[in-house]
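A quick write-up on the structure given underneath.
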Amino acid sequence: MVKRIFTLLTVSLLFGKIMMAQAWQQTPGGIKASVGGVDITFQFYASSTVRIIKHPAGNSFDKKSLSVIRNPQNVVVKTNESGDFLSVKSQNILVVLNLKTGEVSFSDKAGKLLLGETGSSFSPFNDIGNATYSVKQSFTLDKDEAIYGLGILQNGKMSQRNQEVRMVQNNTWDFVTFFQSVK
(Lines give C-alpha, C1' and ligand atoms only; values in the text may rest on other atoms or scores of the structure.)
Protein backbone atom coordinates (compact mmCIF):
# COMPACT_ATOMS: atom_id res chain seq x y z
CA MET A 1 0.00 0.00 0.00
CA VAL A 2 2.79 2.44 0.94
CA LYS A 3 4.63 1.54 -2.26
CA ARG A 4 1.49 2.29 -4.34
CA ILE A 5 1.00 5.68 -2.62
CA PHE A 6 4.68 6.53 -3.14
CA THR A 7 4.41 5.62 -6.85
CA LEU A 8 1.26 7.75 -7.28
CA LEU A 9 2.90 10.67 -5.50
CA THR A 10 6.02 10.40 -7.67
CA VAL A 11 3.97 10.25 -10.88
CA SER A 12 1.87 13.24 -9.73
CA LEU A 13 4.98 15.31 -8.98
CA LEU A 14 6.57 14.44 -12.34
CA PHE A 15 3.33 15.26 -14.19
CA GLY A 16 3.09 18.58 -12.34
CA LYS A 17 6.71 19.41 -13.23
CA ILE A 18 6.05 18.59 -16.90
CA MET A 19 2.90 20.75 -16.94
CA MET A 20 4.80 23.68 -15.38
CA ALA A 21 7.51 23.33 -18.03
CA GLN A 22 4.86 23.64 -20.75
CA ALA A 23 4.15 27.34 -20.04
CA TRP A 24 5.70 28.08 -23.45
CA GLN A 25 6.63 26.24 -26.61
CA GLN A 26 8.91 27.01 -29.52
CA THR A 27 7.30 27.44 -32.94
CA PRO A 28 8.91 27.85 -36.38
CA GLY A 29 10.44 31.32 -36.09
CA GLY A 30 9.16 32.21 -32.62
CA ILE A 31 7.39 31.06 -29.48
CA LYS A 32 3.92 30.74 -27.98
CA ALA A 33 3.32 31.20 -24.26
CA SER A 34 0.48 31.61 -21.83
CA VAL A 35 1.03 33.90 -18.83
CA GLY A 36 -1.61 35.00 -16.35
CA GLY A 37 -4.57 34.26 -18.60
CA VAL A 38 -2.98 35.93 -21.65
CA ASP A 39 -1.73 34.08 -24.73
CA ILE A 40 1.48 35.62 -26.12
CA THR A 41 3.01 34.87 -29.52
CA PHE A 42 6.40 36.01 -30.82
CA GLN A 43 6.52 35.98 -34.65
CA PHE A 44 9.83 36.78 -36.34
CA TYR A 45 9.59 38.40 -39.79
CA ALA A 46 13.36 38.83 -40.04
CA SER A 47 16.28 38.53 -37.64
CA SER A 48 15.69 42.16 -36.60
CA THR A 49 11.89 42.25 -36.81
CA VAL A 50 9.58 40.55 -34.32
CA ARG A 51 5.85 40.95 -33.82
CA ILE A 52 4.30 40.29 -30.42
CA ILE A 53 0.62 39.35 -30.31
CA LYS A 54 -1.22 39.19 -26.99
CA HIS A 55 -4.83 38.23 -26.38
CA PRO A 56 -6.92 36.79 -23.56
CA ALA A 57 -6.33 33.03 -23.26
CA GLY A 58 -9.00 30.88 -24.85
CA ASN A 59 -10.14 33.64 -27.21
CA SER A 60 -8.77 32.62 -30.57
CA PHE A 61 -8.88 35.03 -33.47
CA ASP A 62 -7.39 35.60 -36.89
CA LYS A 63 -5.08 38.61 -36.59
CA LYS A 64 -5.52 40.65 -39.76
CA SER A 65 -3.57 43.81 -40.41
CA LEU A 66 -3.60 46.47 -43.09
CA SER A 67 -0.03 47.44 -42.22
CA VAL A 68 1.67 44.05 -41.75
CA ILE A 69 1.59 42.37 -45.14
CA ARG A 70 4.65 40.13 -44.88
CA ASN A 71 4.35 36.60 -43.54
CA PRO A 72 6.40 35.40 -40.55
CA GLN A 73 9.69 33.79 -41.57
CA ASN A 74 11.37 30.69 -40.22
CA VAL A 75 14.08 32.70 -38.42
CA VAL A 76 16.58 30.76 -36.33
CA VAL A 77 16.15 31.73 -32.68
CA LYS A 78 17.77 30.50 -29.52
CA THR A 79 15.70 30.21 -26.37
CA ASN A 80 16.87 30.20 -22.78
CA GLU A 81 14.64 29.95 -19.72
CA SER A 82 16.25 31.28 -16.56
CA GLY A 83 14.08 31.66 -13.47
CA ASP A 84 11.03 33.75 -14.40
CA PHE A 85 12.46 34.91 -17.73
CA LEU A 86 12.40 33.41 -21.21
CA SER A 87 14.98 34.87 -23.59
CA VAL A 88 14.40 34.51 -27.34
CA LYS A 89 17.40 35.64 -29.36
CA SER A 90 17.79 35.96 -33.11
CA GLN A 91 20.93 37.12 -34.90
CA ASN A 92 20.03 40.80 -34.31
CA ILE A 93 17.56 41.13 -31.44
CA LEU A 94 16.87 39.76 -27.97
CA VAL A 95 13.28 39.57 -26.74
CA VAL A 96 12.70 38.65 -23.09
CA LEU A 97 9.35 37.48 -21.73
CA ASN A 98 8.69 37.66 -18.00
CA LEU A 99 6.92 34.33 -17.36
CA LYS A 100 5.22 35.70 -14.21
CA THR A 101 3.92 39.07 -15.48
CA GLY A 102 3.84 38.63 -19.27
CA GLU A 103 5.87 41.82 -19.76
CA VAL A 104 8.14 41.88 -22.82
CA SER A 105 11.41 43.75 -23.34
CA PHE A 106 13.51 44.26 -26.46
CA SER A 107 17.29 44.62 -26.60
CA ASP A 108 19.77 44.90 -29.46
CA LYS A 109 22.31 42.15 -30.10
CA ALA A 110 24.78 43.84 -27.73
CA GLY A 111 22.20 43.65 -24.93
CA LYS A 112 21.28 47.37 -24.85
CA LEU A 113 17.64 47.79 -23.83
CA LEU A 114 15.57 49.28 -26.66
CA LEU A 115 12.06 49.10 -25.18
CA GLY A 116 10.58 47.65 -22.01
CA GLU A 117 6.93 46.96 -21.31
CA THR A 118 5.69 47.82 -17.82
CA GLY A 119 2.28 46.18 -18.00
CA SER A 120 -0.72 45.33 -20.10
CA SER A 121 -4.32 44.39 -19.44
CA PHE A 122 -7.54 43.34 -21.15
CA SER A 123 -10.78 44.57 -19.56
CA PRO A 124 -13.99 43.13 -21.02
CA PHE A 125 -16.75 45.53 -21.98
CA ASN A 126 -19.92 45.61 -24.07
CA ASP A 127 -19.56 47.73 -27.21
CA ILE A 128 -23.13 48.26 -28.40
CA GLY A 129 -24.01 44.60 -27.98
CA ASN A 130 -20.61 43.24 -29.02
CA ALA A 131 -18.43 41.67 -26.34
CA THR A 132 -14.93 43.09 -26.71
CA TYR A 133 -11.99 44.34 -24.65
CA SER A 134 -10.48 47.62 -23.62
CA VAL A 135 -6.71 47.15 -23.95
CA LYS A 136 -4.02 48.94 -21.97
CA GLN A 137 -0.28 48.66 -22.53
CA SER A 138 2.52 50.68 -20.90
CA PHE A 139 6.23 51.09 -21.68
CA THR A 140 9.23 52.58 -19.90
CA LEU A 141 10.45 55.81 -21.47
CA ASP A 142 13.78 57.54 -21.10
CA LYS A 143 13.76 60.82 -19.13
CA ASP A 144 13.59 63.13 -22.20
CA GLU A 145 12.02 60.75 -24.72
CA ALA A 146 9.26 62.21 -26.90
CA ILE A 147 6.45 60.13 -28.42
CA TYR A 148 5.29 61.07 -31.91
CA GLY A 149 2.59 59.55 -34.06
CA LEU A 150 -0.61 57.68 -33.22
CA GLY A 151 -2.48 59.32 -36.10
CA ILE A 152 -4.34 62.61 -36.37
CA LEU A 153 -5.06 63.94 -32.89
CA GLN A 154 -6.83 67.23 -32.28
CA ASN A 155 -5.13 68.00 -28.97
CA GLY A 156 -2.57 70.58 -30.14
CA LYS A 157 0.41 68.47 -29.06
CA MET A 158 3.28 67.24 -31.23
CA SER A 159 4.64 64.85 -28.61
CA GLN A 160 2.06 62.62 -26.97
CA ARG A 161 4.26 62.03 -23.93
CA ASN A 162 2.32 62.35 -20.64
CA GLN A 163 -0.96 62.49 -22.57
CA GLU A 164 -3.78 60.08 -21.81
CA VAL A 165 -5.43 59.25 -25.12
CA ARG A 166 -8.42 56.97 -25.53
CA MET A 167 -7.88 55.57 -29.03
CA VAL A 168 -11.42 55.47 -30.41
CA GLN A 169 -11.90 56.46 -34.06
CA ASN A 170 -14.28 59.35 -34.69
CA ASN A 171 -14.73 62.11 -37.25
CA THR A 172 -11.93 64.37 -35.93
CA TRP A 173 -9.49 61.89 -34.36
CA ASP A 174 -7.97 59.32 -36.71
CA PHE A 175 -5.73 56.75 -35.04
CA VAL A 176 -2.88 54.85 -36.60
CA THR A 177 -1.32 52.47 -34.09
CA PHE A 178 2.28 53.27 -34.97
CA PHE A 179 4.47 55.57 -32.99
CA GLN A 180 8.05 56.69 -32.94
CA SER A 181 10.04 57.60 -29.90
CA VAL A 182 12.85 60.11 -30.14
CA LYS A 183 15.51 60.40 -27.46
Side-chain angles (χ1 to χ4, degrees), residues 17-123 132-142 145-151 160-161 165 167 169 174-183:
K17 185 78 169 165
I18 290 169
M19 290 306 290
M20 286 178 61
Q22 296 297 321
W24 66 273
Q25 63 183 13
Q26 193 156 356
T27 62
I31 62 129
K32 286 187 178 187
S34 188
V35 178
V38 176
D39 287 342
I40 304 167
T41 303
F42 291 14
Q43 297 176 332
F44 280 83
Y45 288 76
S47 65
S48 60
T49 307
V50 61
R51 183 181 195 189
I52 310 298
I53 299 175
K54 292 185 174 187
H55 61 86
N59 292 345
S60 63
F61 68 99
D62 183 21
K63 178 68 178 164
K64 294 182 177 147
S65 175
L66 296 174
S67 58
V68 179
I69 57 173
R70 189 173 185 188
N71 291 319
Q73 303 298 303
N74 205 357
V75 174
V76 175
V77 296
K78 295 178 183 175
T79 59
N80 180 37
E81 185 175 350
S82 178
D84 294 334
F85 298 94
L86 172 64
S87 299
V88 182
K89 187 174 187 177
S90 71
Q91 183 179 351
N92 294 317
I93 193 166
L94 169 66
V95 186
V96 177
L97 171 63
N98 183 318
L99 294 169
K100 280 205 182 253
T101 66
E103 295 172 356
V104 179
S105 66
F106 304 85
S107 300
D108 64 16
K109 64 182 177 182
K112 180 184 173 200
L113 183 67
L114 301 172
L115 180 67
E117 184 181 26
T118 58
S120 62
S121 64
F122 295 88
S123 303
T132 189
Y133 293 91
S134 178
V135 179
K136 182 176 182 177
Q137 192 170 30
S138 303
F139 299 93
T140 300
L141 299 175
D142 285 344
E145 190 170 359
I147 301 296
Y148 298 106
L150 301 179
Q160 299 306 312
R161 184 176 180 122
V165 178
M167 296 176 67
Q169 304 286 3
D174 187 16
F175 292 98
V176 178
T177 54
F178 298 101
F179 68 91
Q180 178 178 354
S181 69
V182 179
K183 298 178 185 178

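- Heavy-atom minimum distance, Val38 versus Lys54: CG1-CB, 4.0 Å.
- Scanning for side chain to side chain donor-acceptor pair (under 3.5 Å) contacts around Gln91 gives an empty result, with sequence neighbours left out.
- Separation of atoms CD1 (Ile40) and CD1 (Ile31) is listed at 7.5 Å; rounding is to 0.5 Å.
- Screening residues 34-55 for ring pair (Phe, Tyr, Trp, His ring centres under 6.0 Å), with sequence neighbours left out, gives His55-Phe61.
- Atom CG of Leu94 is separated from atom NZ of Lys78 by 12.0 Å, given to the nearest 0.5 angstrom.
- Applying the side chain to side chain donor-acceptor pair (under 3.5 Å) criterion to Gln73, with sequence neighbours excluded, gives no partner residue.
- For the side chain to side chain contact (heavy atoms under 4.5 Å, CB included) test with Val77, the passing option among Thr27, Val88, Val50 is Val88; the others fail.
- Summarising the geometry of Asn74 relative to Gly29, their closest heavy-atom pair is OD1-N, 3.4 Å, with the distance given to 0.1 Å.
- Evaluation of the side chain to side chain donor-acceptor pair (under 3.5 Å) rule for Asn92 yields Ser47 as partners, not counting sequence neighbours.
- For the atom pair CG of Asp84 and CG of Leu86, the computed distance is 11.5 Å after rounding to the nearest 0.5 Å.
- Glu145 contributes atom CD, which lies 6.5 Å from atom CZ of Arg161 (distance to the nearest 0.5 angstrom).
- Note that the CE atom of Met167 and the CG atom of Asp174 stand 10.0 Å from one another [nearest 0.5 Å].
- Within the structure, salt bridge (Lys or Arg N to Asp or Glu O under 4.0 Å) pairs that include any residue of residues 30-47 do not occur (at least two apart or interchain).
- How far OG1 of Thr41 is from CZ of Arg51: 10.0 Å, rounded to the nearest 0.5 Å.
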Under 3.5 Å, side-chain donor or acceptor atoms of residues 99-107 against the rest of the protein: list the pairs with distances, not counting sequence neighbours.
{"residue": "Thr101", "atom": "OG1", "partner": "Asn98", "partner atom": "ND2", "Å": "3.4"}
{"residue": "Thr101", "atom": "OG1", "partner": "Glu103", "partner atom": "N", "Å": "3.2"}

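- Closest approach of Ser87 to Val96, counting heavy atoms only: OG-CG2, 3.9 Å.
- For the salt bridge (Lys or Arg N to Asp or Glu O under 4.0 Å) test, no residue two or more places apart in sequence or in another chain qualifies with Lys89.
- Every side-chain contact (heavy atoms from CB on, under 4.5 Å) that Pro56 has, sequence neighbours left out, goes to Asn59, Phe122, Tyr133.
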